Amino acid sequence: MSRYNFRESEAKWQQRWRDGATFAARHDPARPKYYVLEMFPYPSGKLHVGHVRNYTMGDLVARYRRACGYNVLHPMGWDAFGLPAENAAIAGGIHPAVWTAENIATMRGQLQRMGFAYDWAREIATCHPAYYRHEQKMFLDFLAKDLAYRKESWVNWDPVDHTVLANEQVIEGRGWRTGALVEKRLLSQWFLRITRYSDDLLSALEKLDRWPERVRLMQEHWIGRSEGARVRWPLSDGRTTIEVFTTRPDTLYGASFIALSPHHPFSEKLAADNPALAEFIAECDRIGTSEEAIETAEKRGFRTGIDAVHPLDKERRVPVYVANFVLMEYGTGAIFGCPGHDQRDLDFARKYGLPVIPVVLPPKTDPASFAIGDTAYVEDGTIFNSSFLNGMSVTDAKRAVGERLEASGAGERTIAYRLRDWGVSRQRYWGCPIPVIHCADCGIVPVPEADLPVRLPEDVDFAAPGNPLDRHPTWKHVACPNCRKPAVRETDTFDTFFESSWYFLRFCSARAPVAFERAAADYWMPVDQYIGGVEHAVLHLLYSRFFMRALSECGYLRLDEPFAGLFTQGMVCHQTYQNAEGEWLFPEEVQTDPAGRLLDADSRPVVAGRLEKMSKSKKNVVGLDTIVDTYGADTARLYLLSDSPPERDLEWTDTGIEGAWRYVNRLWRMVSEPPVPLPPPGAAIPASLPPALAALRRTTHKTIAAVTDDIDKFRFNRAVARIRELSNALEDLDPSDPAAAGPVLREGLETVTRLLGPMMPHLAEEMWHELGHAEMLADAAWPVADAALARDEQVTIAVQVNGRLRATLDLPRDAAASEVEEAALALPQVTRLLEGKVPRKVVVVPNRIVSVVA
RNA sequence: GCGGACGUGGCGAAACGGUAGACGCAGCAGACUUAAAAUCUGCUUCCCGACAGGGAGUGCGGGUUCGAUUCCCGCCGUCCGCACCA
């Protein structure tokens, strides 16, 4: 009984692929291209099995498309800037560049051991000046096009990482990496004008028909388009005019107050000579942005004592408040409150004793008896109490008010977006330097292109908190490029999402002296199939879409959407364990005693927690090296593909990987010890075969058709099941007629081998070789099903009586409906139930079912 | 609160509106072994039954249909995203 020697085989075939540059992608406009990309990893240390699921899927797609004749680009690189490197430097005295390079070396080795078909000649790491110099140039181009700008603003400050976070990086009020409660700080920051494309980023989602619906919805919500109106309210003392944004201009006659954000310019102006208001605003800032803080924070307002004049009725006045719940960043930073038809406004009005004027009457309601209680009426209805709007629908009233406002100059219809500009400044060392210089005389001066790249200094000190670039003795001190007087460099670095927003373009011509060669990008882009985690649904995936538009505007290329197809894979989960102290334990630290109790190494009780995504922090990880050492890369790959649908989470179990390993050996035995002698490759199959062998051939060709379809539709678990079905059938082969069985078995084994090629490439190469082929399987074409053989000539038809299955009929394919009906009605199981009566109805679905209604 | 996804054996899961549970894991029985591992064979949704067969069954309650895991309506539960967005 021979065992498959994966160690020898995997090393051998990896060597063969490397020597032959099998997976090198060559620019060839004559051939159809296919660009497969998995989201590139951050080099955090070592890979565990959870990391490689999406690379396994990407590799399957890449190898499959290659076999189908596409010119495939399948590159890999490293998202190499980021805080963990810097934190390691602070903790362990190792330079971030060294730490990063070591991790890359480790992880590259791990990926290579998995046998992924990458074009390693295109490998990139974003921390190299050869990479980041190009994004410094992009930034200068963005500046020139007013796509980048600097402004002072309230930002999200992570007190643990000592840096600013983008809105997208704040999850439930906490930093996405540290989990620390985010604070508000007023800082001068660089922003990218993503809002210039709000409308296009939103409307183009519709065309991304190979993206998951859920990701498109998340982006749609994130961009958050709201149609409404800007309305100007003059103050009664004539000092200024307050502009508000509303989505309900139809309820304008129900207004009973104006509320300004604490950061509204007019609030701040009033606070300058109103200490009580200044104190109120300071208090608002003290309340965090966390979920708890918002939930529990009372809706509070400060009455300014000023009134505003109703824009549609000069006689009406409403009081102006400063209120803690009004955001400066959305709309105009001011609202009008209509308590009758907005719950929050109602709560505010009740609290401060403001009038509640209903202006939308629910259908079939008597206006005389309609009153607002504790619940605002937010549904549709007929406008009343509203002058010229009375009797209109909500929709009509919105239009009528818009027209009136525009005619009188008191406002206009407009669209507000939730999306805000992307703050890209980070007060950290390990990132791409922002290429500008601050000069006392000239202001902000871009670094001249000839001086790029602005390199990170290597001699930095991490002993003190804060940004080492800022503390560096010499680096930031430069002459102003304009006036040559002493000036200082910008010491902030880019958000690392800057690097990942265009790396897919760099892969198209990874060694080019420019960011990317236009011709290469025009050929390879867009990415045909992108694969990664759903956690980037709004971050990376939205920024990349923005970058394509911005780069197009700057003349780099002409393409809006970077990723034509997107697949978001599920996570790999594993049981978690904790001891009585709540400390996490590695799976290998946990044992089961004879009574079935879980114990740690010192025989103390252990609690099994829920299944969670594999993560170092919870210690529920299975090392990739251990698995590859024990079972080989192919076994791990098969398991990652077979047990769950790709989009769903997969539970990693020891028994599961063992099952995959058993199958690997079964496959190897099938080709190395066939039950009948196999004819040489290419041998003809006898035209006339015993029925069992003819059926086996049909199974073979049906499997080709089904697996091809499954792979096209990303149903990898089903594809594996189909292949296993075929190999099960091949194992049941009747060896009594070797002359007929041999060719059929060869066809079946070759089919299994070829279908498995993209999933278990080393084993498949070894089987292919064992089956007598000199060429590599990686260079063989994808099998094509014989359409005639892939269809059954006999079909099993189910027979139902009153909706219940009572029998089955084996009949020739496409038998006439009348014959099928006749055969069904003659069945004893059917006649018994009919009791001699004529059926009321008979439905015949060709080749499927007969449904008899008694 | 808003939006979305999901709910099928002991477990992971299959099933163009057409024979529910393919494929695998675990389990049970057996074969081969001095024995174990490995491997092979059979069984394995639940209930009644020795078999044949019958009944129930896809979270719950309705509906459409000859026929519903699938479509529609209403609940319940789990997970995810957003959340003071005017």
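As the structure is a computational prediction, the values presented were derived from the model and not from experiment. Here is how names work: the chains are called A, B, and so on, in the same order as the sequence lines, proteins then strands, and each is numbered from 1.
Nearest heavy atoms, A:Ser256 versus A:Leu354: O-CD2, 4.2 Å.
The nearest whole Å value for the distance from the OH atom in A:Tyr639 to the C1' atom in B:C11 is 11 Å. Distance CG (A:Asp342) to C1' (B:C85): 11 Å, rounded to an integer number of Å. Between the P atom of B:C82 and the CZ atom of A:Arg225 lies a distance of 22 Å, rounded to the nearest Å. Residue A:Leu805 contributes atom CG, which lies 10 Å from atom C1' of B:G18 at whole-angstrom precision. If you measure from atom CZ of A:Arg791 to atom P of B:C16, you get 20 Å, rounded to the nearest angstrom. Atom CG in A:Asn665 sits about 15 Å away from atom C1' in B:C40, given to the nearest Å. We find that CZ of A:Arg840 is positioned 13 Å from P of B:U65, with the value rounded to whole Å. What separates CD1 of A:Ile258 from P of B:A86 is a distance of 16 Å, to the nearest Å.
When both distances must be under 3.5 Å, the Watson-Crick or G-U wobble mate of B:C6 is B:G77. As the counterpart of B:C82, B:G1 is assigned, both hydrogen-bonding distances of the Watson-Crick or G-U wobble pattern falling under 3.5 Å. Base pairing of B:A31 is made with B:U39, judged by Watson-Crick or G-U wobble geometry with both donor-acceptor distances under 3.5 Å. Nucleotide B:A26 forms no Watson-Crick or G-U wobble pair with any nucleotide shown, as no partner meets the under 3.5 Å limit on both distances. Pairing for B:A68 is absent, with no Watson-Crick or G-U wobble pair whose two atom distances lie under 3.5 Å.
Within the 4.5 Å cutoff, side-chain heavy atoms of A:Gln219 are placed close to those of A:Arg545. No side-chain heavy atom of A:Gln800 sits less than 4.5 Å from a side-chain heavy atom of A:Val852.
Remark: of the listed residues A:Arg350, A:Gln343, A:Arg344, A:Gln343 is the sole one forming a side chain to side chain donor-acceptor pair (under 3.5 Å) with A:Asp347.
Heavy atoms from other residues, nucleotides or ligands lying under 6.0 Å from CD of A:Glu822 number 12 at most. Within a 6.0 Å radius of CG in A:Asp732, more than 12 heavy atoms belonging to other residues, nucleotides or ligands are found.
Of all nucleotides listed (B:A56, B:A13, B:U39), B:U39 comes nearest to the side chain of A:Arg669. Nearest to the side chain of A:Ile335, among B:G81, B:A86, B:G55, sits B:A86. Among the nucleotides B:C84, B:G18, B:C82, the one closest to any side-chain atom of A:Trp222 is B:C82. For A:Arg3, the listed nucleotide lying nearest its side chain is B:A38; candidates were B:C82, B:A38, B:G55. In this structure, the nucleotide among B:U19, B:A83, B:C84 sitting nearest to the side chain of A:Lys299 is B:C84. Here B:A14 is the nucleotide among B:A14, B:A86, B:C85 with the atom lying nearest to any side-chain atom of A:Arg648.
Under 4.0 angstrom from either OP1 or OP2 of B:C80 there lies no side-chain N or O belonging to A:Arg214. Side-chain N/O atoms of A:Lys841 include one lying less than 4.0 angstrom from OP1 or OP2 on B:C66. For the OP1/OP2 pair of B:C85 and a distance below 4.0 Å, the side-chain nitrogens and oxygens of A:Arg344 include at least one atom meeting the criterion.
For A:Tyr330, there are no ring-ring contact (aromatic ring centres under 6.0 Å, His included) partners at least two apart in sequence or on another chain. Residues meeting the side-chain contact (heavy atoms from CB on, under 4.5 Å) test with A:Arg225, sequence neighbours left out: A:Asp199, A:Leu202, A:Glu227, A:Ile415, A:Tyr417.
Side-chain rings of A:Tyr321 and A:Phe302 stay apart, their centers remaining 6.0 Å or farther from each other. The ring of A:Tyr639 has its center no closer than 6.0 angstrom to the ring center of A:Tyr631.
Taking atom C1' on both B:U19 and B:U69, the two are 14 Å apart, rounded to the nearest angstrom. Across B:G10 and B:G27, the matching C1' atoms stand 8 Å from one another, rounded to whole Å. One C1' atom belongs to B:C48, the other to B:G59, and the distance between them is 26 Å to the nearest Å. A distance of about 31 Å separates the C1' atoms of B:G4 and B:G18, rounded to the whole Å. Atom C1' of B:C79 sits at a distance of 26 Å from the matching atom of B:A26, rounded to the whole Å. The separation of B:G53 from B:G21, taken at their P atoms, amounts to 16 Å, rounded to a whole angstrom. Separation of the C1' atoms belonging to B:C46 and B:U39 is 33 Å when rounded to the nearest angstrom. Atom C1' of B:A35 sits at a distance of 34 Å from the matching atom of B:C23, rounded to the whole Å.
Each of A:Val845 and A:Thr246 was assigned the nucleotide of RNA chain B with the nearest heavy atom; the assignment lying further toward the 5' end belongs to A:Val845. Projected onto RNA chain B by closest heavy-atom contact, A:Glu647 and A:Ala798 fall at different nucleotides, the more 5' of which corresponds to A:Glu647.
A donor-acceptor contact under 3.5 Å is formed by the side chain of A:Arg420 with the base of B:C85.
Anti is the conformation of B:G53, whose glycosidic angle sits further than 90° from 0.
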Under a 4.0 Å heavy-atom criterion, the protein footprint on nucleotides 21-30 of chain B, written with B, S and -, is -BSSSS----
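Counting any heavy atom pair closer than 4.0 Å across all strands shown, A:Val843 reaches a base atom. Residue A:Arg806 is classed as a sugar-phosphate contact, given heavy-atom separations below 4.0 Å to backbone atoms only. Note on A:Leu217: only backbone sugar-phosphate atoms sit closer than 4.0 angstrom, heavy atoms only; bases stay farther off. Contacts of A:Thr796 with the nucleic acid, taken as non-hydrogen atoms under 4.0 Å apart, include base atoms.
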